[in-house]
Engineer: 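Sharing a structure, written as structure tokens. Questions coming.
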Amino acid sequence: MTLPAIMPEEAKKLIASGAALIDIREPDEHARENIPEAHPLPLSAIENGARLGPLEPHDVVIFHCQSGMRSSQHAQKLAKLAEPAQVMLLAGGLEAWKKDGLEILADKSQPIPIMRQVQIVAGTLILLGVVLGYTVNQGFFLMSGLVGAGLLFAGISGFCGMVRLLAWLPWNRR
């Protein structure tokens, strides 16, 4: 399903006239950086049955994520969630909003989103395994292979052990 995508300036005007802006990013992403008018409703909560309040056909709901990709991928689910309202997507998401120079709230004291932390740690371990495998002992290549296997497993199963481990670190605790 394709929903109409609107540019940030047009979305800003609609929000000023009463449209609801819904941020479907995860809580850690929203806490670090968000659009002031956005109401957080993470995609994970939607998948677990979270609902929007009662909506009328004349209501306008605009969904956004970081880049517009998640919103587009889940358009059908978002349209169903906001029935019978008019549903739109913010083209380019938060990144486009910032690029247009519109106001955001940023709290850099919040940790970077956990999935970015996973990418940093996994990338570092893979690179380290390759460098050590070439310079110290070929056995270090196994480390890169194990991290790759873990990422493959996470992608297939939806369970990421590294996310669970990183969530225990002090800066990720709420």
Engineer: Would you mind reporting whether Leu14 and Met88 have side-chain heavy atoms less than 4.5 Å apart?
Structural biologist: yes

Engineer: Name every donor-acceptor pair, under 3.5 Å, that has one atom in a side chain of residues 119-135 and the other anywhere in the protein, sequence neighbours excluded.
Structural biologist:
unit_1, atom_1, unit_2, atom_2, d
Thr124, OG1, Ile120, O, 2.7
Thr135, OG1, Val131, O, 2.8

Engineer: Let me check something: any side-chain donor-acceptor pairs from residues 157-170 under 3.5 Å, sequence neighbours excluded? List them with distances.
Structural biologist:
unit_1, atom_1, unit_2, atom_2, d
Ser157, OG, Phe153, O, 2.8
Ser157, OG, Phe159, N, 3.1

Engineer: Would a 4.5 Å heavy-atom cut-off, applied to side chains only, mark Asp28 and Gln110 as touching?
Structural biologist: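 Contact flag for Asp28/Gln110 side chains = no.
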
Engineer: Indicate yes or no: at least one non-hydrogen side-chain atom of Lys98 is less than 4.5 angstrom from one of Glu95.
Structural biologist: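 Yes, their side chains come closer than 4.5 Å.
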
Engineer: Is the shortest heavy-atom distance from the side chain of Val87 to the side chain of Leu81 under 4.5 Å?
Structural biologist: no

Engineer: Short question: side chain of Arg25, backbone of Glu33 - any donor-acceptor pair under 3.5 Å?
Structural biologist: yes

Engineer: So do the side chains of Leu78 and Leu89 get within less than 4.5 Å of each other, counting heavy atoms only?
Structural biologist: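 Yes, side chains in contact.
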
Engineer: Looking at Lys80 and Glu83, is any side-chain nitrogen of the basic one under 4.0 Å from a carboxylate oxygen of the acidic one?
Structural biologist: no

Engineer: Do Glu9 and Met7 touch side chain to side chain, with heavy atoms closer than 4.5 Å?
Structural biologist: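 Contact flag for Glu9/Met7 side chains = no.
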
Engineer: Tell me if a side-chain donor or acceptor on Asn137 pairs with a main-chain N or O of Gly139 at a distance below 3.5 Å.
Structural biologist: yes

Engineer: So do Ser71 and Leu90 actually touch side chain to side chain, heavy atoms under 4.5 Å?
Structural biologist: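 Heavy-atom side-chain distance check fails, nothing below 4.5 Å.
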
Engineer: If you count heavy atoms of other groups shown closer than 6.0 angstrom to CD of Gln138, is the number above 12?
Structural biologist: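 No.
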
Engineer: Listed by chain and number, what are the salt bridge (charged side-chain N to carboxylate O under 4.0 Å, His left out) partners of Arg32, not counting sequence neighbours?
Structural biologist: none

Engineer: Show the nearest heavy-atom pair for residues Ala11 and Trp97, with the distance to one decimal.
Structural biologist: CB-CZ3, 4.2 Å

Engineer: Counting only heavy atoms not in Lys108 (residues, nucleotides, ligands), do more than 12 fall under 6.0 Å from its NZ?
Structural biologist: yes

Engineer: Is there a side-chain contact between Ile114 and Glu26 in this structure, where contact means two heavy atoms from C-beta onward sitting under 4.5 Å apart?
Structural biologist: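 Side-chain contact under 4.5 Å: no.
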
